[in-house]
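Have a look at the structure below, then the notes.
Treat the numbers as computed from the prediction; the structure is a model and nothing was measured. Chain letters run A, B, ... following the sequence lines, proteins first and then strands; every chain starts at 1.
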Number of protein chains: 2
Amino acid sequence: MSGQVNDISRLSHQLVEFYEKISSWEQDVVKSSGLSTAQMHAIEIVGHGVSLRMKELAGKMGVTTGTLTVMVDRLEEQGLLKRTPHATDRRSWLVELTAAGGKLFDQHHQYHLRLTEEITAPLSSHEQEMFTVLLEKIVSQM
Amino acid sequence: MSGQVNDISRLSHQLVEFYEKISSWEQDVVKSSGLSTAQMHAIEIVGHGVSLRMKELAGKMGVTTGTLTVMVDRLEEQGLLKRTPHATDRRSWLVELTAAGGKLFDQHHQYHLRLTEEITAPLSSHEQEMFTVLLEKIVSQM
DNA sequence: CCCATATTGTTTGATTGTCAAGATACACTA
DNA sequence: TAGTGTATCTTGACAATCAAACAATATGGG
């Protein structure tokens, strides 16, 4: 037998490398846009779907609402995000992208697509399909 | 044809999800150790190989040397890292793990192995092997 | 060897990120 | 509907971060 333990260790190492490389790629790309990675992360999450409460956004980002308050303040000053009062809960704000924020989000999304293309360049189309399927299986279980 | 563009878009989405989930897992694990994610990142990098210069470590972390100076100060105070003079370049320090730092690194490495096991649980051993091979192909090209 | 330029790490001042505690609004029970 | 506990966001104090200035050392050309 080839050893379960070594297989796991080998894969773990690849995952760390993979994660590191994506991180540094993201950092480089974001830096050129003038935002911090945390700020861009907020843009990415808000841009992905419907408007969110501060609390929900904070939860998705893994920070406290206190942290998010000042972050949204700054992104609002930069005209990328805006707060809208919640329809029925007067404690809450809904956070949304402005037009400028949406434009930035789209641009960043394009960067993601381009990175994905580069990443999968060394794979045949069959391999690429397999990789996607396996990744979907993994992600849906996490 | 099924559409190259949609395939890329689909994979890109999975990659983002995957990255997000690993990030939040890492955050949770690190938080329980009392360090910040940045600090643990330093431990991980230093623990992975030979000793590094401040500049090199800062580069790998995507942070300025000024930031690293205070970070290493704190980790040195906590007894996890130590500075050693460079053998031939008296401007430089080499950063290494202490025994306690090594122990922390080992523990964190075990967490990584456990996460890798959990992640690949829904995969057959053949699928797991394939995933590893594809990931190696990708990582080696990044 | 000497000088000019480059590199490495630290320090400083300003900005940004972070959390704990506070202030306001909601929800539920009686 | 009053009271009590819970939820949501902001505030204030502190830590992390960066860019730029600095000190010490290295490097290379005359």
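Aromatic ring pairs are classed by plane angle as parallel below 30°, tilted from 30° to 60° and perpendicular above 60°; the pair A:His112 and A:His109 is perpendicular.
Within the nucleic acid shown, B:Gly59 has no heavy atom closer than 4.0 Å to any nucleic acid atom. Within the nucleic acid shown, A:Asp73 has no heavy atom closer than 4.0 Å to any nucleic acid atom. Residue-level contact check: A:Val70 touches the bases, meaning some heavy atom is under 4.0 Å from a base atom. Among the heavy atoms of the strands lying under 4.0 Å from B:Ala38 are primed sugar atoms or P, OP1, OP2 only; no base atom is included. When heavy atoms are screened at a 4.0 angstrom cut-off, B:Thr88 is found touching the sugar-phosphate backbone but no base atom.
We find that CZ of B:Arg91 is positioned 13 Å from P of C:dT10, with the value rounded to whole Å. A:Trp93 has its CH2 atom 13 Å from the P atom of C:dC26, to the nearest Å. Taking atom NZ of residue B:Lys55 and atom P of nucleotide C:dA6, one finds them 14 Å apart after rounding to whole Å. Atom P of nucleotide C:dT7 and atom NE2 of B:His86 are separated by 16 Å, given to the nearest angstrom. In this entry the distance linking CZ of A:Arg53 with P of C:dC26 reads 10 Å, nearest Å. In this structure, the CG atom of B:Leu81 is 14 Å from the P atom of C:dG9, given to the nearest Å. Separating the CG atom of B:Leu35 from the P atom of C:dC19 is a distance of 14 Å, rounded to the nearest angstrom. Protein atom CG of A:Leu68 is 14 Å distant from nucleotide atom C1' of C:dT16, rounded to whole Å.
Counting heavy atoms from C-beta outward, A:Met142 and B:Ile22 have side chains that approach closer than 4.5 Å.
The shortest distance between the side-chain N/O atoms of B:Thr65 and the OP1/OP2 oxygens of C:dT10 is not below 4.0 Å. An OP1 or OP2 oxygen of C:dC26 is reached within less than 4.0 angstrom by a side-chain nitrogen or oxygen of A:Arg90. Regarding contacts with the backbone of C:dT16, every side-chain N or O of A:Ser36 stays at 4.0 angstrom or more from both OP1 and OP2.
Scanning DNA chain D 5' to 3' for nucleotides with an atom closer than 4.0 angstrom to a non-hydrogen atom of chain B gives a first and last hit of D:dA16 to D:dA26.
Nearer to the 5' terminus of DNA chain C, by closest-nucleotide assignment, is the contact made by B:Met54 (compared with the other of A:Gly62 and B:Met54). Comparing A:Thr69 and A:Gln27 by the nucleotide of DNA chain D whose heavy atom lies nearest to each, the residue mapping closer to the 5' end is A:Thr69.
Under the 4.0 Å criterion applied to side-chain N and carboxylate O atoms, B:Glu136 and A:Arg10 are assigned as salt-bridge partners.
Enclosure of atom OH in B:Tyr111 is not indicated, since only 12 or fewer non-hydrogen atoms of other residues, nucleotides or ligands lie within 6.0 angstrom. Within 6.0 Å of NZ in A:Lys21 there are more than 12 heavy atoms belonging to other residues, nucleotides or ligands.
Using a 3.5 Å distance cut-off with no hydrogens or angles, the side chains of A:Glu26 and A:His108 do pair a donor with an acceptor. No side-chain donor from either of B:Ser9 and B:Ser12 sits under 3.5 Å from a side-chain acceptor of the other.
Tested against A:Glu20, the residues B:His41, B:Lys60, B:His48 include a single side chain to side chain donor-acceptor pair (under 3.5 Å) partner, B:His41.
Picking from C:dT8, C:dC26, C:dG17 the nucleotide with the shortest atom distance to the side chain of B:Asp89 gives C:dT8.
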